Amino acid sequence: KIYGKEEKEMTLEKLQEQMITAMKNGDKPRKTAISGYIAAIKKVAIDKGCRDNITEEMVNETLTKLKKQAKESVDTCPASRTDLLEQYKYEYSVITEFAPTFIDDPELIAANIASLLEDNQIAAEKKNRGAIMKVIVANNWKAHFDMSVVNKVLGSMLS
């Protein structure tokens, strides 16, 4: 169980519906952005050999990766290239609508770690860090949490 997580479920079908809506509304930039996400998801599915069985998890992983790339584009774009910067910001705003949001609040993460330790009867000791990380991976936390914050919080909790 994950505390503080509001689910934002995204499927390939929902993305395709959004793309069709953008086309009907004549919103070419939005349609182009969404069709790019769909193509990226389908490519990942083909690479994994499951083109006909695209899971929600696969969609969310791909959208998360695309969101990180869009954020990097915005952050690294020279300020003098205002046209490009505006395009990157727009693309980032669109991907943010669809990509899952991550919990990055240290207090919420600490509460989830404490719950995880209690549920799995693991002592909060440095020697158990590997075992704790295995449980975190087994519970697919990277789909819900900012793992860099999880690592910092976990490090501060271990004695």
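Throughout, numbering of the chain's residues begins at 1 and tracks the sequence. Since we're looking at a predicted model, the values are computed, not measured.
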Using a 4.5 Å cut-off on heavy atoms from C-beta on, say whether the side chain of [Y] contacts that of [X].
X: Y92; Y: T96; result: yes
X: V149; Y: K152; result: no
X: E56; Y: V59; result: no
X: F145; Y: D104; result: no
X: Y90; Y: P29; result: yes

List in chain and number order the residues that pass side chain to side chain contact (heavy atoms under 4.5 Å, CB included) with [X], two or more places apart in sequence or in another chain; answer none if no residue qualifies.
X: A123; value: E125, N128
X: A110; value: V153, M157
X: V135; value: L116, N120, I122, N139
X: M23; value: I20, K31

*Residues that E91 engages under salt bridge (Lys or Arg N to Asp or Glu O under 4.0 Å), provided they are two or more places apart*: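 By the salt bridge (Lys or Arg N to Asp or Glu O under 4.0 Å) rule, E91 matches no residue at all.
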*Residues forming a salt bridge (Lys or Arg N to Asp or Glu O under 4.0 Å) with R81, sequence neighbours excluded*: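 Salt bridge (Lys or Arg N to Asp or Glu O under 4.0 Å) list for R81, sorted by chain: D83.
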Test of understanding: with side chain to side chain donor-acceptor pair (under 3.5 Å), list the residues that count as partners of [X], not counting sequence neighbours.
X: K71; answer: D75
X: R129; answer: N151
X: S80; answer: none

*Nearest heavy-atom pair of M19 and I38: which atoms, and what distance?*
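The pair with the smallest heavy-atom distance is SD-CD1, 4.0 Å.
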*Indicate the atoms forming the closest heavy-atom contact of V150 with I136, along with that distance.*
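Reported closest heavy-atom pair: CG1-CD1, 4.0 Å.
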_Residue pairs involving residues 37-49 (criterion side chain to side chain donor-acceptor pair (under 3.5 Å); sequence neighbours excluded)_ =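 Matches after skipping sequence neighbours: K43-D47.
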*Hydrophobic clusters join Ile, Leu, Val, Met, Phe, Trp and Tyr when side-chain heavy atoms are under 4.5 Å apart, directly or via other members; which others share one with I46?*
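None; I46 is a cluster of one.
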Interatomic distance, [X] atom [atom1] to [Y] atom [atom2] [nearest 0.5 angstrom]:
X: T101; Y: I103; atom1: OG1; atom2: CD1; value: 8.0 Å
X: E57; Y: T11; atom1: CD; atom2: OG1; value: 14.5 Å
X: E86; Y: C77; atom1: CD; atom2: SG; value: 9.5 Å
X: I109; Y: L154; atom1: CD1; atom2: CG; value: 10.5 Å
X: R30; Y: S93; atom1: CZ; atom2: OG; value: 8.0 Å

*Could you go through the side-chain contact (heavy atoms from CB on, under 4.5 Å) check for F98 and K14 one step at a time?*
CA-CA 9 Å; F98 304 113; K14 287 181 184 176; over 6 Å; no
Pairs under 3.5 angstrom only: tabulate donor-acceptor contacts from the side chains of residues 61-69 to other protein residues two or more places apart or in another chain.
{"from": "T62", "atom 1": "OG1", "to": "M58", "atom 2": "O", "distance (Å)": "2.9"}
{"from": "T64", "atom 1": "OG1", "to": "N60", "atom 2": "O", "distance (Å)": "2.7"}

*When hydrophobic residues are tied together by side-chain contacts of less than 4.5 Å, even through go-betweens, does V74 share a cluster with L84?*
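Shared cluster, yes.
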